[in-house]
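Reading through the structure tokens given below for one structure.
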2 protein chains.
Amino acid sequence: MNRTGTPHPHQEEWLRLDRQICFSLHAAARAFNGVYRVILKDLGLTYPQYLVMLVLWEQGTLPVKKLGEHLRLDSGTLSPLLKRLESAGLVRRERSARDERSVEVGLTEEGAALRERALEVPRRIASATGFEVDEINDLRTRLDALTSALDAAALSGA
Amino acid sequence: MNRTGTPHPHQEEWLRLDRQICFSLHAAARAFNGVYRVILKDLGLTYPQYLVMLVLWEQGTLPVKKLGEHLRLDSGTLSPLLKRLESAGLVRRERSARDERSVEVGLTEEGAALRERALEVPRRIASATGFEVDEINDLRTRLDALTSALDAAALSGA
DNA sequence: CACGATTCAGTTGTGCACAACTAAATGGCG
DNA sequence: CGCCATTTAGTTGTGCACAACTGAATCGTG
């Protein structure tokens, strides 16, 4: 399809590389998820639920909107997830008195207490990865840069 | 809770770091997914469907089992996904004659032809990330190392 | 050959991600 | 004040991930 001099000589190669990088990121995310799944089972939390609890432990009560900003998740994901955490007795949801549109999400006694048991999770994860703190932080920095670039590209219409 | 000399002085800090690394990886995976979603919309593929097509373009016809090994996905994920690709007219599924348990997945004419249009995807992704090929490859290597460590840990019981 | 263990695809049920939408409350502007 | 645009949660529908299971085919061993 390219009689004279192949204007895109590396396209085939790029498709192969794309397969590799796509797969790597996808697999890494799922592998991470899998290890957390095992460790979090003891706490009765899924990985996304753990992320929500981490924010609540750190920030205290805050509206769904703010929670979504911290986690880059919208109400379509958070609403059912928070309902499940509420059913589990870990969080409390109540309409804000000042702004009836808003719902404040806070910890119950039980939810706050769960933090004690969660303290050992990071150590177990670190030992599972076998990575040093510096390596983890370096990887995190690169991933954040990647995410920023991707978000910017998505906004500008890919 | 720790009157004499705090045997775990860094646990609180680790919980904060865990929030950061969890969030970074989770966000990166979703941001990547989002950019691919936009670009793949033209091809009528989702990101996981694109991964399947990449394998088929590279490897040709192969059983569901092998496909799953390449992608680390099981039949619970692949079966419905492949049905959708079949409905879209991109792949063909048929029971192996040699082994009636196995289902061979292959490309249709249309599926094979789609490869031409997919050739530009990696370039668009690369420009979206703004990363150089070397950087991508370096990141990929680290992610693969992480995945290997996590898989090994998962097998040994976390 | 027979029969129990294994392999393979598919199904079911739960949970997350996200787009598109609804409904209620709020805020701004004429 | 009255009305409309915006903000905020929530709902609906589609698709993926994975655990647990089913059922059919195959294999191994006696």
Side-chain angles (χ1 to χ4, degrees), chain A residues 22-23 25-38 40-41 44-53 62-69 71-88 91 93-105 151 154, chain B residues 22-23 25-38 40-41 44-53 62-69 71-88 91 93-105 151 154:
Chain A
C22 281
F23 170 75
L25 191 69
H26 205 63
R30 285 185 295 125
F32 231 88
N33 207 304
V35 170
Y36 272 100
R37 190 195 320 281
V38 172
L40 292 174
K41 202 171 186 178
L45 294 175
T46 66
Y47 183 50
Q49 288 168 7
Y50 174 64
L51 290 174
V52 167
M53 294 302 287
L62 74 181
V64 173
K65 174 74 174 178
K66 288 285 178 195
L67 200 50
E69 285 170 5
L71 298 168
R72 290 213 216 294
L73 290 172
D74 66 8
S75 65
T77 299
L78 285 175
S79 288
L81 188 156
L82 291 170
K83 274 190 179 178
R84 283 185 284 270
L85 285 179
E86 189 179 39
S87 300
V91 309
R93 294 184 309 144
E94 48 190 52
R95 289 272 159 196
S96 163
R98 291 193 316 121
D99 184 343
E100 291 277 337
R101 291 171 304 182
S102 180
V103 168
E104 302 280 337
V105 181
D151 282 350
Chain B
C22 280
F23 170 76
L25 189 69
H26 204 64
R30 285 186 295 126
F32 230 87
N33 207 304
V35 169
Y36 272 99
R37 191 196 319 281
V38 172
L40 292 174
K41 202 172 186 178
L45 294 174
T46 66
Y47 184 50
Q49 287 167 8
Y50 173 64
L51 290 174
V52 168
M53 294 301 286
L62 74 182
V64 172
K65 173 74 175 181
K66 287 286 179 194
L67 200 52
E69 285 170 7
L71 298 168
R72 287 213 220 293
L73 290 171
D74 66 9
S75 66
T77 299
L78 285 175
S79 288
L81 188 156
L82 291 170
K83 273 191 181 177
R84 283 186 284 271
L85 286 179
E86 189 179 40
S87 300
V91 308
R93 293 185 309 145
E94 48 191 53
R95 289 272 159 197
S96 164
R98 289 193 317 120
D99 185 342
E100 291 277 339
R101 291 170 303 181
S102 179
V103 168
E104 301 281 335
V105 182
D151 280 351

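Because only heavy atoms are used, hydrogens play no part in the values below, and waters and symmetry mates are left out as well, while side chains stay in. So that the names make sense, note that chain A is the first sequence line, chain B the second, and so on, each numbered from 1.
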Under a 4.5 Å cut-off applied to non-hydrogen side-chain atoms, are B:Thr77 and B:Asp74 in contact?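 The answer is yes; the side chains approach within 4.5 Å.
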
Check your understanding: Does the side chain of A:Leu82 come within less than 4.5 Å of A:Glu86's, by heavy atoms?
Key -> no

Exercise. Per the atom types in the model, does the base of C:dG15 pair as donor or acceptor with the side chain of A:Thr46 at under 3.5 Å?
Worked result: no

Contact list (N/O, under 3.5 angstrom) for nucleotides 4-8 of chain D vs protein:
unit_1	atom_1	unit_2	atom_2	d
D:dT7	O2	A:Arg101	NH1	3.1

- Message: Does a side-chain N or O of B:Arg37 approach OP1 or OP2 of C:dA17 to a distance below 4.0 Å, or not?
- Response: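 So the side chain of B:Arg37 is outside the cut-off, no N or O lying under 4.0 Å from OP1 or OP2 of C:dA17.
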
- prompt: OP1 or OP2 of C:dC18 less than 4.0 angstrom from a side-chain nitrogen or oxygen of B:Arg30, does that happen here?
  reply: yes

- Apply salt bridge (charged side-chain N to carboxylate O under 4.0 Å, His left out) to B:Lys65 and list each qualifying residue two or more places apart in sequence or on a separate chain.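 Counting only residues at least two positions away or on another chain, B:Lys65 forms no salt bridge (charged side-chain N to carboxylate O under 4.0 Å, His left out).
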
Options [options], nucleotide nearest the side-chain atoms of [X]:
{"X": "B:Thr77", "options": "C:dC18, D:dC18, D:dG10", "result": "D:dC18"}
{"X": "B:Ser79", "options": "D:dA17, C:dA9, C:dA19", "result": "C:dA9"}
{"X": "A:His26", "options": "D:dG10, C:dT11, D:dA17", "result": "D:dA17"}
{"X": "B:Arg95", "options": "D:dA9, C:dG10, C:dT11", "result": "C:dG10"}

Starting from [atom2] on [N], measure out to [atom1] on [X] and report it in whole angstrom.
{"X": "B:Leu85", "N": "C:dG10", "atom1": "CG", "atom2": "P", "result": "13 Å"}
{"X": "A:Leu73", "N": "C:dC18", "atom1": "CG", "atom2": "P", "result": "7 Å"}
{"X": "B:Gln49", "N": "D:dG15", "atom1": "CD", "atom2": "C1'", "result": "8 Å"}
{"X": "B:Lys66", "N": "C:dA9", "atom1": "NZ", "atom2": "P", "result": "11 Å"}
{"X": "A:Asp74", "N": "D:dT12", "atom1": "CG", "atom2": "P", "result": "16 Å"}
{"X": "A:Leu45", "N": "C:dG15", "atom1": "CG", "atom2": "C1'", "result": "13 Å"}
{"X": "B:Leu81", "N": "D:dT14", "atom1": "CG", "atom2": "C1'", "result": "13 Å"}
{"X": "A:Asn33", "N": "D:dC18", "atom1": "CG", "atom2": "P", "result": "7 Å"}

Across all chains, not counting sequence neighbours, the ring-ring contact (aromatic ring centres under 6.0 Å, His included) partners of B:Tyr47 are A:His26, B:Tyr36

Review point. So, B:Arg72 side chain and A:Ala31 main chain: donor-acceptor pair closer than 3.5 Å or not?
Key: no

Item to check | Main-chain N/O of A:Glu104 paired to A:Arg93 side chain as donor or acceptor, under 3.5 Å | outcome: no

| What nucleic acid atoms does A:Lys41 come within less than 4.0 Å of, heavy atoms only: base, sugar-phosphate, or nothing? |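 Here A:Lys41 touches no strand at all.
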
- Task: Kindly determine whether A:Met53 and A:Val91 satisfy side-chain contact (heavy atoms from CB on, under 4.5 Å), including the steps that lead there.
- Result: CA-CA 9 Å; A:Met53 294 302 287; A:Val91 309; 4.1 Å; yes

Might you work through the side-chain contact (heavy atoms from CB on, under 4.5 Å) test for B:Leu45 and B:Leu85, ending with a clear yes or no? CA-CA 9 Å; B:Leu45 294 174; B:Leu85 286 179; 3.9 Å; yes

Whichever of A:Glu100 and A:Ser75 has the more 5' nearest nucleotide on DNA chain C, that residue is A:Ser75

**Report entry** Of A:Gly34 and A:Pro80, the one whose closest DNA chain D nucleotide lies more 5'
**Finding:**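 Checking each residue's closest nucleotide, the 5'-ward one belongs to A:Pro80.
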
